Amino acid sequence: MISFSEKVFAAMKRIPKGKVSTYREIAKFIGKPNAFRAVGNTCNKNPNAPRVPCHRVVKSDGRVGGYAFGEKKKILLLQNEGIKVKKGRILNFEDCLLKTSEGR
DNA sequence: GTCGTGACTAGCC
DNA sequence: CGGCTAGCCACGA
């Protein structure tokens, strides 16, 4: 029996390196497009922080959003992946955005 | 079973 | 464009 959180982690693990996704896309991928709150909430408690690339998940606005270890840390990780981030905002947002429901 | 919280999103002024 | 409010879902006490 997989819990809602398990789906969240599974969806995030689908995100390849150098790409990012939004809480909205993940929630939709799970089957609850309006559960973006629960997604972020679950990740915040993140029982498997290093086991899941939660830092590759950003807000729909194109901002990195937050991070359990610190937003700044999240930005550094994203930049390390090859993603350009400026003041907590992704530059080529759509370019590195990965749609979970469209991965086919 | 009920209340409160949170890494969110969309709309309004 | 910027700031604030309301709505939404899941989990914990």
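Every value quoted in this text rests on a predicted model; they were computed, and no experiment measured them. Residue numbers begin at 1 in each chain, while the letters A, B, ... track the order of the sequences.
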Are the side chains of A:I90 and A:C96 in contact, using a 4.5 Å heavy-atom criterion? yes

Using atom NZ of A:K87 as one end and atom C1' of C:dC1 as the other, report the distance to the nearest whole Å. 15 Å

Does A:K32, at its NZ atom, have more than 12 non-hydrogen atoms belonging to other residues, nucleotides or ligands within less than 6.0 Å? no

Between C:dC8 (C1') and A:I30 (CD1): distance, integer Å: 14 Å

Set out, line by line, the N/O atom pairs under 3.5 Å between protein and nucleotides 3-5 of chain B.
none

Sugar-phosphate, base or nothing in reach of A:A35, heavy atoms under 4.0 Å: sugar-phosphate

Would you classify A:N44 as touching base, sugar-phosphate or nothing, given that sugar-phosphate means primed atoms plus P, OP1 and OP2, and contacts are heavy atoms under 4.0 Å? base

Here DNA chain C, pairs taken as Watson-Crick or G-U under 3.5 Å and shown with ( ), [ ] when crossing and | when to another strand, reads .||||||.|||||

A:I2: which other cluster members, linking ILVMFWY side chains closer than 4.5 Å, directly or transitively? none

Filter on salt bridge (charged side-chain N to carboxylate O under 4.0 Å, His left out), then keep only pairs touching residues 66-76 of chain A, sequence neighbours left out; what's left? none

Do A:I26 and A:M12 have side chains that approach each other closer than 4.5 Å (heavy atoms only, starting at C-beta)? yes

Going by side-chain contact (heavy atoms from CB on, under 4.5 Å), A:I15 matches just one of A:R56, A:E25, A:E81, A:H55. Which one? A:R56

Would you kindly give the CZ-to-C1' distance between A:F4 and C:dC8, to the nearest whole Å? 11 Å

N/O to N/O distances under 3.5 Å, protein versus nucleotides 10-13 of chain B:
{"from": "B:dA10", "atom 1": "OP1", "to": "A:R24", "atom 2": "NH2", "distance (Å)": "2.9"}
{"from": "B:dA10", "atom 1": "OP2", "to": "A:S60", "atom 2": "OG", "distance (Å)": "3.3"}

From A:L98 CG over to A:S21 OG, what is the distance, rounded to the nearest 0.5 angstrom? 6.0 Å

Can a donor-acceptor pair be found, under 3.5 Å and without considering hydrogens, that links the side chain of A:T22 to the backbone of A:K59? no

Does A:Y23 reach a base, just sugar-phosphate, or nothing at all? Heavy atoms under 4.0 Å. base

Quick one: are A:F4 and A:V39 in side-chain contact, heavy atoms under 4.5 Å? yes

Given B:dA7, C:dC9, B:dT9, identify the nucleotide with an atom nearest to the side chain of A:F36. B:dT9

To the nearest angstrom, how far is A:Y67 atom OH from B:dG6 atom C1'? 17 Å

Any side-chain heavy atom of A:F93 sitting closer than 4.5 Å to one from A:V58? yes

Could I get the full list of side chain to side chain donor-acceptor pair (under 3.5 Å) partners for A:N41, not counting sequence neighbours? A:K45

Roughly, in whole Å, what's the span from NZ in A:K28 to P in C:dC8? 19 Å

Could you state the atom-to-atom distance from CZ of A:F69 to P of B:dA7 in whole Å? 14 Å

Between B:dA7 atom C1' and A:I26 atom CD1, what is the distance in whole Å? 11 Å

Side chain to side chain, A:F9 and A:T42, heavy atoms closer than 4.5 Å: yes

For a quick check, tell me whether the side chain of A:R37 and the base of C:dC9 share a donor-acceptor pair closer than 3.5 Å. no

Just the rounded figure in Å: distance from P of C:dG3 to CZ of A:R63. 9 Å

